[in-house]
Each structure stands twice: as C-alpha cells, then as structure tokens.
Trainee: 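Before we start, here is the structure in question, set down as structure tokens.
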There are 2 protein chains.
Amino acid sequence: MLDQPGSTETIGEKTYRRIRSDIIFGRLPPGQKLRLERLSAQYETSIATLRELLNRLLVEGLIVAEGQRGFEVMPVSAERWQEIAAMRELLECHALRQSIEYGDVEWEGRVVAAHHKLATLEKQLLAGDRSQTETWKRYDWEFHHALISCCGSKALLDTHSAIFDKYLRYQIIAVVFRGDAAAREHRELLKAALKRDADAATAVLVKHIRDCVQYTIKSGALAS
Amino acid sequence: MLDQPGSTETIGEKTYRRIRSDIIFGRLPPGQKLRLERLSAQYETSIATLRELLNRLLVEGLIVAEGQRGFEVMPVSAERWQEIAAMRELLECHALRQSIEYGDVEWEGRVVAAHHKLATLEKQLLAGDRSQTETWKRYDWEFHHALISCCGSKALLDTHSAIFDKYLRYQIIAVVFRGDAAAREHRELLKAALKRDADAATAVLVKHIRDCVQYTIKSGALAS
DNA sequence: TCAATAGGTAATTTCAAAAATATATGATGA
DNA sequence: TCATCATATATTTTTGAAATTACCTATTGA
C-alpha cells in the first residue's frame, strides 16, 4: 500500500498553512479583522477548527487577539520591521558562523544547489518577469536555510525560521525588488561560505539585511 | 466601577497558563501523554477549549503532536538542553549589551530592586528553606528580565522569554541548586551592569549559564 | 508458531448550536 | 444638545456530541 505523504494530514493543518501563507504574502493585509463566521465561509471550515489555528498564529506573532474582541492580522510598523530585521541578523549571523565551521562537503553541495535555483530565478526577475514572486521567495529562503543548515542546533533553526517568515511578510508588503543588488550579495555569500570565510560571509549578510530595511523604509512603504 | 483586572479573562486563558505552568514546573512530566478526556476532567474544561491552548503550547515547543495521535509533553534530552542554553546565551548576552548601553537611571532602579528581592530569597534558600522554589524562579526571571529590559526590542524580549521558560523547565527537572555559586554570579552581574561594563557582564552571564548546564548534565539528571 | 486480516474499542478531529460577552441603536432626562 | 441607560444585535467563547481515524484483540490460514 502506497502510504502517500499527507494522506494523514488533518484539514486544520491544511487550513493553518493556507491562512499563514495568506498573511505572509499579504492576501490578508495587516490590521485586517478576522471575523470567525466570514473566515468559516471563506476557508470552508468550522469555527472551532479555525480557532485552533488562529491560536497558533497568535503565538507566532502573526495575528493579535485583544481580550474577547476577536482576532486580527498583526499590524506593521517601521519600528517592528527594524526589530525583526535585527533579530534575523543576530540569529542568522550566529548560525552562519557555526554552519561554516561545521559544514561538510554535502553541506557545500546543498548550498551550491540552492544558490543555482535562486540565481536562475533572479535572472528571470531581472529580465522583467515578475510572475513567480512566491517561488522566488521560497528559493531565497531555501538558500539562506541551506547556508545555516549545519549550525548544529534545531532550536536555533526553528527560531530563525519563525523570524524569517515575519521578515518575509514585510518584504512582500513593501514590494521589495532591489535590482541586481540582492542577487550580487547572494553570489558573494556563496563565495564566502565556500571559502569558509565566516567574517566575510557575515559582513555580506549584515549588509544584505540592512540595505533591504533601509531601502524599504526610505521608499515609505510602511506608514510608521 | 472598579474594572478589576482579569475580570475580562477567558477561561481558556486561565487554563492555558495553568497547564503551561504545570509543564514548566514538572507537574506534567516530559513525555506525558495528554489525553483530551482526562485533561478535560482534570482542568474542568471542554475538549475544544483544551485543543485551543494545546495548539498554542505546540507552537511554543512545550508539547508535541504527532499526526492524528494526539498530544504529549515535549520530551527532554541533554542535546536539547544544551541547544536551549546556547540560545539563551546568544539572546540574553546580546540584549544585555544593548540594555547596558541604553539603560537609564530608572533601569538601574529596576535592576537593583529585582536583585534585592532575589538575593533575599536566595539567602533563605541557603539557610535550607526549599519551600518557595516557584517564587525563587520567578524572582530569578524578574532579575534577568530587568537587566535586559532596556534592550530596545520587543521582538528580542519576547523571543528571550520563550527560551527562558524552556530553560527553566530543564532547571526544574534537574532540581538544580548550585549552592551559593548562582547567588554570587547574580551579585557580580548586578555590579557589572551598574558599572556599565558590558564585557564583564556578558562574561559572568556566559559562565552562569554554562556552569548550570555542566552541573546538571554531570549530575546525570537527564537521560540522554 | 507466525503473519495477516477483520472486528471492536478508544482516541482524536470536526462540527453545529448554546452561552457569554461586546457593540450598536434608540429612548429618556437634564 | 449632551450624557446616560436600557434594549437589541452581532461576535466571540464554550459546550456536547457526531464523524473520523488509530489502536488493540482475536481469529484464520499457512
């Protein structure tokens, strides 16, 4: 019997990932009131099931709940954006140093592969094709995740993932596309990682993150 | 009308804090199977309400849920313990540096006050009175939290709190009491913070955390 | 004796409706 | 006109039970 993966997946789980994705990719905008009945109709689930996953997103900091007045999508602000970026910097730089120290050849292979996929898509983007934003962002995540995957701490990777997704939401909201700057930084990151130059790699990463924040804040996409 | 705080508090919220506390303080031991019906009777709540807060604890990493086979309290291991301690070290050292840089006189006041309460209780503990472990641990948290309270990032404080509680769980499980070593380190931490010596403060903090981990692992309290 | 399967039991997951709470509407009195 | 209070509506919170899935036991056949 072919035990197809996901056959055991609960519908609450599927709806959870769906709503989570809708928040991160801005289809549920910041501050949006999340009325249970409306969501129940929209996502075709019962209210009790919805409340379960809403409570998850609450702990993740993607939605807020005030007393008995229901849920809404976490609002955005320039301050929060900077805090999240600083958190990513702290976590990812630390993980990157560890990963560069502990990574083996198989790690290098994963990094090279992930960068190849990302670079290919970035070329398309530079050519003007903006149709695959979600795939691009997934490849971006896969590359950064591959880089830190040998840090040796599941706790660190989990915390980083949570922060990264919030970072991603701000990027999407601000519709960030910094020309070929990001693509060049990705190449530099790859080069430094393969040379096992942790100082250079973290320096590029810090610039990568800070420039992105400065770019979006200057563009005024976030009403502080 | 006296709007007493907590009057608006939902029963799901109360039960959440109760179960969370029961996990952290070991009254619900690691690996414990959490049968819905049993919990429903024990905590006097409906199953749906329970599932809401169980989903929260799931995201927090205090319980695990495997497929459709229900929930159980997150197991412990020496590896996880070291990862959590390393995370606390990373987050708290960074926050401490920032807080020492930005903290004002009011911050100093909070730190001194928190240390006074903690030191008083530690004196009782050294005298042999082990009855107030929970209060002691709360004061310990309040002191460390006061130290980093001026780091300027809510995101950092939130992430730190989550990790600190998991760290606390391991301390409780291992029944840690390192004589007066911890109390002395708290005094050194206070002194370095007031002198605004970030290097000295983080050095003490790192020792504080690492010694605690080494002590408990050597004692064999955790079956790896 | 062992593996495989079928049936029954126990658990989780999902739902729809009742209870509790908050918000909006309109009437009353100063 | 404005604030206050009572009423009605809308929304959230909680519940108890139905539907689904996993687990255990025993029977069958080799």
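Chain letters run A, B, ... following the sequence lines, proteins first, then strands; residues in each count from 1. Source: prediction; values computed, not measured.
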Trainee: Which residues, if any, of residues 28-35 of chain B bring a heavy atom under 4.0 Å of DNA chain C?
Mentor: B:Leu34, B:Arg35
Trainee: What is the distance, rounded to the nearest whole Å, between atom CD1 of B:Ile47 and atom P of C:dT13?
Mentor: 11 Å
Trainee: To the nearest Å, how far apart are B:Glu44 CD and D:dG16 P?
Mentor: 12 Å
Trainee: Distance to the ring centre below 6.0 angstrom and angle to the axis at most 45 degrees; does that hold for B:Arg18 and B:Tyr43?
Mentor: no
Trainee: Are B:Ser46 and D:dT14 close enough that a side-chain N or O sits under 4.0 Å from OP1 or OP2?
Mentor: no
Trainee: By nearest atom, which of the nucleotides C:dT14, D:dT21, D:dT14 is closest to the B:Gln68 side chain?
Mentor: D:dT21
Trainee: Counting only side-chain nitrogens and oxygens, does B:Thr45 get under 4.0 Å of the OP1 or OP2 atom of D:dT15?
Mentor: no
Trainee: Can you find a pair of side-chain heavy atoms, one from B:Leu91 and one from B:Thr159, that are under 4.5 Å apart?
Mentor: yes
Trainee: Return the nearest nucleotide to the side chain of B:Ala48; candidates are D:dT14, C:dT14, D:dT15.
Mentor: D:dT15
Trainee: Say whether, by atom type as modelled, one donor and one acceptor occur between the side chain of A:Ser21 and the main chain of A:Arg17 under 3.5 angstrom.
Mentor: no
Trainee: Do A:Lys166 and A:Met87 pass the side-chain contact (heavy atoms from CB on, under 4.5 Å) test, and can you show the C-alpha distance, the side-chain angles, and the key distance before you say yes or no?
Mentor: CA-CA 11 Å; A:Lys166 294 196 218 176; A:Met87 277 299 290; over 6 Å; no
Trainee: Using only side-chain N and O atoms of B:Thr10, determine if any of them is under 4.0 Å from OP1 or OP2 of D:dT12.
Mentor: no
Trainee: Can you tell me how far P of D:dT14 sits from CG of B:Leu50, to the nearest Å?
Mentor: 11 Å
Trainee: A:Asn55 CG to D:dT14 C1': how many Å, rounded?
Mentor: 13 Å
Trainee: Measure the distance from CZ on A:Arg69 to C1' on D:dT12 and round it to the nearest whole Å.
Mentor: 11 Å
Trainee: Between B:His145 and B:Trp141, how do the two ring planes meet: parallel, tilted or perpendicular, split at 30° and 60°?
Mentor: parallel
Trainee: Between atom CD in A:Glu66 and atom C1' in D:dT13, what is the gap in whole Å?
Mentor: 16 Å
Trainee: Should the pair A:Trp81 and A:Tyr170 be assigned to parallel (<30°), tilted (30 to 60°) or perpendicular (>60°) ring geometry?
Mentor: parallel
Trainee: Output all residues satisfying ring pair (Phe, Tyr, Trp, His ring centres under 6.0 Å) with A:Phe71, sequence neighbours left out; order by chain, then residue number.
Mentor: none
Trainee: Just the rounded figure in Å: distance from C1' of D:dT20 to CD of A:Glu9.
Mentor: 16 Å
Trainee: When the distance from CD of A:Glu37 to P of C:dA22 is rounded to whole Å, what number comes out?
Mentor: 19 Å
